[in-house]
Amino acid sequence: MEIQKPRGTRDFLFNEMKERKGVEITMRRIFETYGYGEIKTPVFEELSLFTTKSGEGIKDQIYHFQDKGGRDLALRPELTAPVARMYIKELQKTTKPVKMYYFGSCFRYERPQAGRWRQFWQFGCELIGGKSPGSEAEVISMAAHCLEELGLEDFEIHIGNLGILRNILKDANIQGNLQDQVMGVIDKGDVKELISLLENIDVDDNSRELLLKLIEMKGNSSIVKDVEALINCSEHACNALFELEELLESLEAFGFSNYVVNLGIARGLDYYTGTVFEIYVHGLGAQKQISGGGTYNLIEIFGGENVESTGFAFGFDRVMDALKKQEKFIEAKSSVDVFVTPIKSDLKLKAFDIAQKLRKNGISTDVDLVGKKLKKILSYADTLGINYVVLVGAMDIEEGNVTVKDMLTGEQEKVKIENIVDFLEHKLGN
RNA sequence: GCCGGGGUGGGGUAGGUGGUUAUCCUACGGGACUGUGGAUCCCGCGACUCGGGUUCGAAUCUCGGCCCCGGCCCCA
């Protein structure tokens, strides 16, 4: 009986892991360049951590279970809540802002489809304390910086501000749950549903028209002025607008201006307070969003002090999909540069010795361990793209030599054993 | 949870209106070939997603499960 892997999970083989590793390393490098330090939290947490944040309904979407002590636990469906939990316990009294990043897998019990898995990876960060347009601008610039560094093209960063919408709703006397409901529909981008919802809850015509116009507003920084003209500056909504304006100014200074201001971004979650942003790559099917984030007040929900943070996460697997779609990976070659083999198996110990000498000098080397035929080894080296084969034969050894075969040209050269490391290092361009 | 399309050796595939031993490529093991042998040739290994039904007979028709692909919901 064959055992299958659980639904919605994947095995990653050598080439794919190499690509993922490459992206991971790039992201780490960039995040650290911006002064973020890595943290790691447990893969499972108390179930209540997630229900507190997202409501009881979240249970349908997460893997949860009781352990042998009867504790209600859950595999983490995301990393923001665990990081907030950790912050409250460990970091609340450290100097602000706290800048941290994380990379880890999350789990959701959902129907798998393109870009959606039951185990998936998030690479993200939180900047806790020190809320300011500058912080937000830095975070957004860093996200863009990562994608540029990875060579990703045609990504769109959409920036919005929830304060504007929420304050207009508030002025129209739509508050509490109802407001969240409206924001949820806006987030979906379903205009029809929004219109019928607004009719149901009897919003005055002016506010309705205003909302419908605002969520359609997309463009460069100039639309801020348009928005300003549109809203009759109810004080709060205008403050939020100034906040957005300041953010865009800061972004300019950070050297990133290729964004789309999009007031229709609402991010259904109600703990977001001000700036929000999402990154899309088209051509990824239904799951075109590769990243999302913004400024929120989550710490307080978990009983910490009132401190706002800004954060975002890349859907790591979706970034990989996007890069693959754009063919950003060069066909990965063998990770081994040299294969050492005895011509006859009586010299296998000598081959081990030479292989080890190469390895200790940092040359990635494979050696025949089982006495395979020379033909098989050459064929193997050929298919895997190994560059050099070191042939260890009795006649050469008597003279203190081995034969190095260049697999591309087929040329062979006798090399003194004591020079073999230098010779190969030179050939491999180290 | 709902809707559509799928599932044939390790990887990629042919066959599909039921009928001998299921096609081909590749990979893998062995040989021609005990120091030049990466080619070629020969031999070998290895599969019809699982279970029920129809039938003399099912990879093929049918029902259900599992899994994969795409979409809805929701989300990253």
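These numbers come from the heavy atoms of this one structure, side chains and all, not from hydrogens, waters or symmetry mates. Worth saying up front: this structure is predicted, and the values here are computed from it rather than measured. Labels below follow one simple rule: chain letters A, B, ... track the order of the sequence lines, proteins then strands, and each chain is numbered from 1.
Across all strands, A:Lys5 comes closer than 4.0 Å to no nucleic acid atom at all (heavy-atom distances). Looking at heavy-atom distances under 4.0 Å, A:Gly292 makes no contact with the nucleic acid at all. Using a 4.0 Å heavy-atom cutoff across all strands shown, A:Glu110 reaches at least one base atom of the nucleic acid. Note on A:Ala394: a base of the nucleic acid sits closer than 4.0 angstrom, heavy atoms only. A:Trp121 comes within contact range of no nucleotide atom at all, as no heavy-atom separation falls under 4.0 Å. Residue-level contact check: A:Gly8 touches the backbone only, with heavy atoms under 4.0 Å from sugar-phosphate atoms and none from bases. Within the nucleic acid shown, A:Asp60 has no heavy atom closer than 4.0 Å to any nucleic acid atom.
Rounded to whole angstrom, the span from the CD atom of A:Glu56 across to the P atom of B:rC74 amounts to 20 Å. Protein atom CD1 of A:Ile343 is 19 Å distant from nucleotide atom P of B:rC33, rounded to whole Å. Atom-to-atom, CG of A:Asp382 to C1' of B:rA39 comes out at 10 Å; the value is rounded to the nearest Å. Going from atom CD of A:Gln412 over to atom P of B:rG38 covers 11 Å, rounded to whole Å. Atoms CZ (A:Arg118) and C1' (B:rC75) sit 14 Å apart, rounded to a whole Å. One interatomic measurement links the two molecules: OH of A:Tyr380 to P of B:rG37, which rounds to 23 Å at whole-angstrom precision. Taking atom NZ of A:Lys344 as the reference point, atom P of B:rU34 lies 10 Å away to the nearest angstrom. Between the P atom of B:rC69 and the CG atom of A:Asp321 lies a distance of 11 Å, rounded to the nearest Å.
Between A:Lys375 and the phosphate of B:rG30, there is no side-chain N or O to OP1/OP2 separation shorter than 4.0 Å.
Not a single donor-acceptor contact under 3.5 angstrom links the side-chain atoms of A:Arg7 to the base of B:rC66. One cannot find a donor-acceptor pair under 3.5 Å joining the base of B:rG71 and the side-chain atoms of A:Arg116.
Of the candidate nucleotides B:rU36, B:rG37, B:rC73, B:rG37 has the atom nearest to the side chain of A:Leu378. Side-chain atoms of A:Met395 lie closest to B:rG35 of the nucleotides B:rU36, B:rG35, B:rG70. Each of B:rC73, B:rG30, B:rU36 was ranked by its minimum atom distance to the side chain of A:Lys376; first place goes to B:rG30. Nearest nucleotide to the A:Lys372 side chain, out of B:rG38, B:rC74, B:rG29: B:rG29. The side chain of A:Gln113 approaches B:rC73 more closely than any other nucleotide in the set B:rG4, B:rU36, B:rC73. Comparing B:rU36, B:rG38, B:rG35 against the side chain of A:Ser379 picks out B:rG38 as the nearest. Across B:rC67, B:rG4, B:rG38, the shortest atom-to-atom separation from the side chain of A:Gln4 is found for B:rC67. Here the nucleotide nearest the side chain of A:Leu374, chosen from B:rG37, B:rC75, B:rC69, is B:rG37.
Separating the C1' atom of B:rA14 from that of B:rC50 is a span of 24 Å, rounded to the nearest Å. For the C1' atoms, the distance linking B:rC3 with B:rU13 amounts to 30 Å, nearest Å. Here, B:rG11 and B:rC69 have their P atoms 15 Å apart, quoted to the whole Å. Comparing B:rG44 with B:rC63, their C1' atoms are spaced 40 Å from each other, to the whole Å. Between the P atoms of B:rA32 and B:rC48, the separation comes to 34 Å (whole Å). B:rC42 and B:rG35: their C1' atoms are spaced 24 Å apart (whole Å). Atom name C1', nucleotides B:rC61 and B:rG12: the rounded distance is 28 Å, in whole Å. Here the separation of B:rC33 from B:rU49, taken at their C1' atoms, is 43 Å to the nearest Å.
For the pair A:Lys372 and A:Tyr380, the cation-pi test (distance below 6.0 Å, angle within 45°) is passed.
More than 12 non-hydrogen atoms from other residues, nucleotides or ligands lie less than 6.0 angstrom from CD of A:Gln113. Within 6.0 Å of atom OH in A:Tyr109, 12 or fewer heavy atoms from other residues, nucleotides or ligands are found, so the atom counts as exposed in its surroundings.
Between A:Tyr109 and A:Met407, it is A:Tyr109 whose nearest contact on RNA chain B lies nearer the 5' terminus. Comparing A:Arg108 and A:Thr403 along RNA chain B, the residue whose closest nucleotide (by nearest heavy atom) sits nearer the 5' end is A:Thr403.
Aromatic ring centroids of A:Tyr259 and A:Phe277 lie 6.0 Å or more apart.
Side-chain contact check for A:Thr295 and A:Glu308: no donor-acceptor pair (N or O, by modelled atom type) lies under 3.5 Å. Judged by distance alone, the side chains of A:Ser135 and A:Ser132 do bring a donor and an acceptor atom under 3.5 Å apart.
Across all strands shown, B:rC41 forms a Watson-Crick or G-U wobble pair, both distances under 3.5 Å, with B:rG31. For B:rC74, there is no paired nucleotide, since no Watson-Crick or G-U wobble pair has both relevant distances below 3.5 Å. Across all strands shown, B:rG4 pairs with B:rC69; the Watson-Crick or G-U wobble distances both stay below 3.5 Å. Across every strand in view, B:rG57 sits unpaired, with no contact that passes the Watson-Crick or G-U test at under 3.5 angstrom.
Here B:rG37 is in the syn range [glycosidic angle within 90° of 0].
Comment: A:Glu78 engages A:Lys53 in a salt bridge, judged by a side-chain N to carboxylate O separation of less than 4.0 angstrom. Here A:Glu243 pairs with A:Lys131 in a salt bridge; the nearest charged N to carboxylate O distance falls below 4.0 Å.
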Step by step, would you call A:Tyr101 with A:Tyr34 a ring pair (Phe, Tyr, Trp, His ring centres under 6.0 Å)? CA-CA 11 Å; A:Tyr101 78 90; A:Tyr34 282 74; over 10 Å; no
